[in-house]
2 protein chains.
Amino acid sequence: MGIRAQQKEKTRRALVDAAFNQLSAERSFSSLSLREVAREANIAPTSFYRHFKDMNELGLTMVDEGGLTLRQMMRKGRQRAEAGGSVIRISVDTFMEVLDSNPNVFRILLHERSGTSAAFRAAVAREIEHFISELAHYTEATAGRTPMLARAQAEALVTLVFNAGASALDMKRADRKILADQLVMQLRMVAKGAEALQHKVEHR
Amino acid sequence: MGIRAQQKEKTRRALVDAAFNQLSAERSFSSLSLREVAREANIAPTSFYRHFKDMNELGLTMVDEGGLTLRQMMRKGRQRAEAGGSVIRISVDTFMEVLDSNPNVFRILLHERSGTSAAFRAAVAREIEHFISELAHYTEATAGRTPMLARAQAEALVTLVFNAGASALDMKRADRKILADQLVMQLRMVAKGAEALQHKVEHR
DNA sequence: CTTTTGAGCGTACATCTGTAAGCTAATTTA
DNA sequence: TAAATTAGCTTACAGATGTACGCTCAAAAG
C-alpha cells in the first residue's frame, strides 16, 4: 500500500474513532455533527467528504464495525464455554464483559435500533439477525428443536440479553451483578419453556 | 376556569399535539426543534416559553401522558380477557391494536428509552415499571409464584412485548400477524419455564 | 523529469437554531 | 372603573451547521 493510501486510511480511522469516542450516555450518533467529528479527528470539516459521502455513511460503517466486534467477542466467549460449564451463564458473563470494555460499540447498536433512519434500523437488525440465527442453529442441533421453535427461542434469548444490556449501561458494577443473575434466570425460563413446548409437539 | 386559563390550556394542548403529530418513523422527539413545534401549533417561537421551560419539559410531559394512555388501553384489554379466553393472546392483540391506533405514543417511549437524556430514560423506565409490577402482582396472586420469580417473569414478558412492538412499527398488517403469533409463543415459553422453575423450588 | 491526481485546507454563504427584550391588548383583580 | 397581570407577538442577535468553490502541494503515474 502506497504512502498516500496509508495516510488516507489513517485519517479514516481517526474519523471513525473520533465518532466512537464522542458517543456516551448523553450523546448519540445522530446528535454528532460533521464538524464536531472532523474537529475531534483534527481535520478540516470539508475534508470529511474525502472519506464519507455524509454522516450517514460514517454511521453505517460504525454499525457494521460494531456488530462485527460484538460477534467476535461473543464467539471467543463461546469457546470458553466449550471447556465446560453452563453455556447460558458463561455467555451472559461474556456479554457483560463486552459491555464493560466497549460500551460505545453497544450504544450505537442499541440506539440506532430504534432510531429515525430506516437504513440504520435495517443495519442493526441485520447484525442482530446474525446472533439469532447462529443461536437458532445451535439449539436446533444440540437440543433437537423444531426450526420454528428454535427460531422463536433464539429470538427471545437475544431480545432479553440485548435489553438487559441496555439497562446495564446505566448501572454500577454491583447492580449489574444482580441484573446478570436475573437475566440468567430469565434465559433459563425460556429454555425450559421451549423444552416443554417441544415435548408437547412430539407427543401427538 | 376563567376564559384566560381556558385559552392557555388550549394552546398548551396544541403544543403537545403538534409535537406528537410531528413524530414518525423518521422523526424522533429529540430531532424536533422548539421552532418547529411552535410553528405547527401556530404560535410564535417565543410564546412557547409561556407553557414550558424548554423542549425537555415538553418531552417529559409527553412521556408521562403516553405512558398513561398506554396503561389505560391495556387495562381495557385486560377487562376483555376476564370474559374468558387466553390472557396472553388477548393482551398481545390489545397491544397490537394500541400500536396501530397510537403509534407515536409508543414511539416516544421506545425511542427515549434508549435516548441521550437520563431524565427521559428514567421517565420511560418508570412507566415500564408500572407495567412490570402490575403484571408481577397478577402472576404472584393467580399462579402463586415466588416474588423473585414473579418479578423476573413479568420483566421478561414486558421486555418481549415491548420489543416486538418496536419491530411491529416497521411492518405491514400481514407481517404483524406472524410477529404476534411468534410473540404469543415466546410468552408461553416464559410462562411454562417460570412454572417449571417454580416447581423446582417447591420440591426441595 | 513532467504531468496528473487527490487529500486536506481556508473562505464563504445561506439556513436554522434558541432565546433575550420589550410591546400590545385582553382578561383578571381590587 | 382603574390597575395589574399575562399570553402572545415582533424584532433582533449570536452561534452552529452543512457544504460549495477553489487552492496547495506531495505522491503517483507516465
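The shown structure was predicted, so the numbers you read here are calculated from the model rather than taken from an experiment. Chain letters run A, B, ... following the sequence lines, proteins first, then strands; residues in each count from 1.
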Measuring from the side chain of [X] (C-beta onward, heavy atoms only), which nucleotide among [options] has the closest atom?
X	options	value
A:Leu34	C:dG18, D:dG18, C:dA7	D:dG18
A:His51	D:dA7, D:dA28, C:dG8	C:dG8
B:Ser33	C:dT17, C:dA7, D:dT17	C:dT17
A:Thr46	C:dC9, D:dG8, C:dG18	C:dC9
B:Arg39	D:dC9, C:dT17, D:dA27	C:dT17

- Is it true that A:Glu195 and B:Lys192 make a salt bridge, defined as a side-chain N closer than 4.0 Å to a carboxylate O? no
If I take atom [atom1] in residue [X] and atom [atom2] in nucleotide [N], what distance separates them, rounded to the nearest angstrom?
X	N	atom1	atom2	value
B:Arg50	D:dG8	CZ	P	9 Å
A:Leu15	C:dA7	CG	P	13 Å
A:Phe52	D:dG18	CZ	P	15 Å
B:Gln7	C:dT28	CD	C1'	15 Å
B:Asn56	C:dG18	CG	P	12 Å
B:Leu32	C:dT17	CG	C1'	14 Å
B:Lys53	C:dA20	NZ	P	12 Å
B:Glu9	D:dA7	CD	P	12 Å

- Is there a side-chain polar atom (N or O) of B:Ser47 under 4.0 Å from OP1 or OP2 of D:dC9? yes
- Position toward the 5' end of DNA chain C (nearest nucleotide), B:Asp54 or A:Pro45: A:Pro45
- Note on the structure: Comparing nearest nucleotides in DNA chain C, the 5'-proximal residue of the pair B:Met1, A:Arg35 is A:Arg35
- Message: So that I know where these two stand, are A:Phe131 and A:Phe162 an aromatic pair - ring centroids less than 6.0 Å apart?
- Response: no
- Task: Apply the side-chain contact (heavy atoms from CB on, under 4.5 Å) test between B:Ser114 and each candidate in A:Leu110, A:Leu169, A:Asn163; give the one that qualifies.
- Result: A:Leu110
- Message: Under a 3.5 Å threshold, yes or no: a donor from one side chain and an acceptor from the other, between A:Thr61 and A:Glu57?
- Response: no
- Message: Heavy-atom nearest nucleotide on DNA chain D for B:Arg4 versus B:Ala44: which residue maps closer to 5'?
- Response: B:Arg4
- Are A:Arg151 and A:Ile132 close enough that some pair of their side-chain heavy atoms sits under 4.5 Å apart? yes
